[in-house]
Amino acid sequence: MKNAMTYKGYAARVEFDAQDRIFSGRLAGIQDIVTFHGETVDELEAAFKEAVDHYLDTCAKLGDKPNKPYSGKLTLRIPPTVHAAIATAAEVSGKSLNKWAAEVLDQAAQTQ
């Protein structure tokens, strides 16, 4: 994935504002809103790690469970014809349907 960072299982989308000359980011995949920023890549990376650590510490102090990154389990509802086609593609490639789908989805996500 382009423009992303990861730390302690959390991911963040990063953008650059050319007008203000600042990088900003927001944790992705959770309902809570956690943002951070920096003027350099090093500052941005440090701010990201600090934001994640602060989020986890704050949740602990409040007795709240932090939103967790995704579990790795995904349920899809697809047409039977698509199911058959991907099952066949996985079998032909010598992989389980799960492994085949994970690789294809990972490749698709990396091109975003």
Heavy atoms only: give me the nearest Asn67-Tyr10 pair and the separation to one decimal.
-> O-OH, 2.7 Å
Heavy atoms only: give me the nearest Lys68-Ile30 pair and the separation to one decimal.
-> O-CG2, 4.1 Å
Residues in side-chain contact (heavy atoms from CB on, under 4.5 Å) with Thr88, at least two apart?
-> Val92
From Lys61 atom NZ to His54 atom NE2, the distance as rounded to the nearest 0.5 Å = 6.5 Å
Does CG in Leu62 sit with more than 12 non-hydrogen atoms of other residues, nucleotides or ligands closer than 6.0 Å?
-> yes
Asp32 side, atom CG; Thr58 side, atom OG1 - distance, nearest 0.5 Å = 10.5 Å
According to the ring-ring contact (aromatic ring centres under 6.0 Å, His included) rule, which pairs have a member within residues 19-47, sequence neighbours left out?
-> Phe16-Phe23, Phe36-Phe48
Please identify each residue that fulfils salt bridge (Lys or Arg N to Asp or Glu O under 4.0 Å) with Lys49, with sequence neighbours left out.
-> none
Kindly indicate, with the supporting measurements, whether the criterion side-chain contact (heavy atoms from CB on, under 4.5 Å) is fulfilled by Ile86 and Val104.
-> CA-CA 10 Å; Ile86 64 174; Val104 169; over 6 Å; no
Which atom names give the shortest non-hydrogen contact between Gln19 and Asp17, and what distance separates them?
-> N-OD1, 2.9 Å
Do Val34 and Val52 come within less than 4.5 Å of each other through their side chains, counting heavy atoms only?
-> no
Same cluster (ILVMFWY, side-chain, under 4.5 Å), Val14 and Ile22 | no
Partners meeting salt bridge (Lys or Arg N to Asp or Glu O under 4.0 Å) with Asp57 (sequence neighbours left out) = none
Quick one: list whatever passes salt bridge (Lys or Arg N to Asp or Glu O under 4.0 Å) with Glu91, sequence neighbours left out.
-> none
Quick one: side-chain hydrogen bond (donor to acceptor under 3.5 Å, both in side chains) partners of Glu103, sequence neighbours excluded?
-> Lys95, Lys99
Nearest heavy-atom neighbours spanning Ile33 and Arg26 | CG1-NH2, 3.1 Å
Distance-minimising heavy-atom pair for Thr35 and Ala51 | O-CB, 4.1 Å
Closest heavy-atom contact between Lys8 and Asp53?
-> NZ-OD1, 2.7 Å
